[in-house]
J.: 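After the structure tokens below, expect a handful of questions from me.
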Amino acid sequence: MIAIACDHAALDMKREIKALLDEMGETYHDFGTYTADSCDYPVFAARAAKAVASGECEKGIVICGTGIGVSIAANKVKGVRCALCSEPYSAQLTRQHNNANVLAIGARVIGPELAKMIVKTFLTTEFEGGRHQRRIDLLTALEEGKDIEA
Ligand code: RB5
């Protein structure tokens, strides 16, 4: 199950991505927003991010105009590693190295076809583990307020 959410700036992009998820046979929970009325992106990004952090959803996709606001919001939820990607290379590497569990996209930055390539890459690339797990553990420790100085 994929958590997906957007603000008013990204409704069309969310529709395109949901169509791709349907094509890919992925189930999703759409956490809003559902209308073109102006709204506050942290509310919707937090809903999707919390669903990922709780385990209700395996991964998340959050979309706003730049992708920046939703990525900041999602990264404030404990357990979330959200990556803002504008090309597939970053989407691949953030799965392989950062084990990112939420993808952020800027609907006013990239077009729908590129966004779909990024989503496909993000959802089909596995975490490599190994030395990267140690760094993820440091991110978790940092999130818990621990001292991570070497
Ligand atoms: C909304 O106008 C815009 O600020 C929002 O979509 C996003 O780009 C914020 O980071």
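The shown structure was predicted, so the numbers you read here are calculated from the model rather than taken from an experiment. Note that ligands are numbered from 1 as they come in the structure, with each ligand's atoms numbered from 1 the same way.
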J.: Verify, without hydrogens or angle tests, whether R95 (side chain) and A100 (backbone) share a donor-acceptor contact under 3.5 angstrom.
T.: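 Yes: the side chain of R95 pairs with the backbone of A100.
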
J.: Considering all protein heavy atoms, does one lie under 4.0 Å from atom 2 (O) of ligand 1?
T.: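 There is a protein heavy atom less than 4.0 Å from atom 2 (O) of ligand 1.
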
J.: Does G69 reach ligand 1 with a nitrogen or oxygen that is under 3.5 Å from one of the ligand's nitrogen or oxygen atoms?
T.: yes

J.: Taking only heavy atoms of Y41, which atoms of ligand 1 are found under 4.0 Å from at least one of them?
T.: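 Counting from 1, the qualifying ligand atoms are 9 (C).
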
J.: Of N101, N98, T94, I136, which meets side chain to side chain contact (heavy atoms under 4.5 Å, CB included) against F127?
T.: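 The passing option is I136.
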
J.: Considering P42, G106, C64, S71 one by one, which has a heavy atom nearer to atom 7 (C) of ligand 1 than any of the others?
T.: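 It is C64 whose heavy atom sits nearest to atom 7 (C) of ligand 1.
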
J.: I'd like to know if V62 and V43 are part of one continuous hydrophobic network [Ile/Leu/Val/Met/Phe/Trp/Tyr, side-chain heavy atoms within less than 4.5 Å].
T.: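 Per the 4.5 Å side-chain linkage, V43 and V62 are not co-clustered.
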
J.: Show the atoms of ligand 1 that are less than 4.0 angstrom away from any heavy atom in G65.
T.: 5 (C), 6 (O), 7 (C), 8 (O)

J.: N/O to N/O below 3.5 Å, does that happen between T66 and ligand 1?
T.: yes

J.: Quick one: nearest non-hydrogen protein atom to atom 5 (C) of ligand 1, plus distance?
T.: D7 OD2, 3.2 Å

J.: Taking both backbone and side-chain atoms of A9, is any N or O found less than 3.5 Å from an N or O belonging to ligand 1?
T.: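 No, A9 has no N/O under 3.5 Å of an N/O on ligand 1.
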
J.: Do T140 and E143 meet the criterion of a side-chain donor-acceptor pair at a distance under 3.5 Å?
T.: no

J.: Starting from the C-alpha separation in whole Å, work towards a yes-or-no answer on salt bridge (Lys or Arg N to Asp or Glu O under 4.0 Å) for R134 and D137.
T.: CA-CA 5 Å; R134 186 175 68 245; D137 293 343; over 6 Å; no

J.: Answer with yes or no whether the hydrophobic clustering places L84 together with V109; edges join I, L, V, M, F, W, Y residues whose side-chain heavy atoms lie under 4.5 Å apart.
T.: no

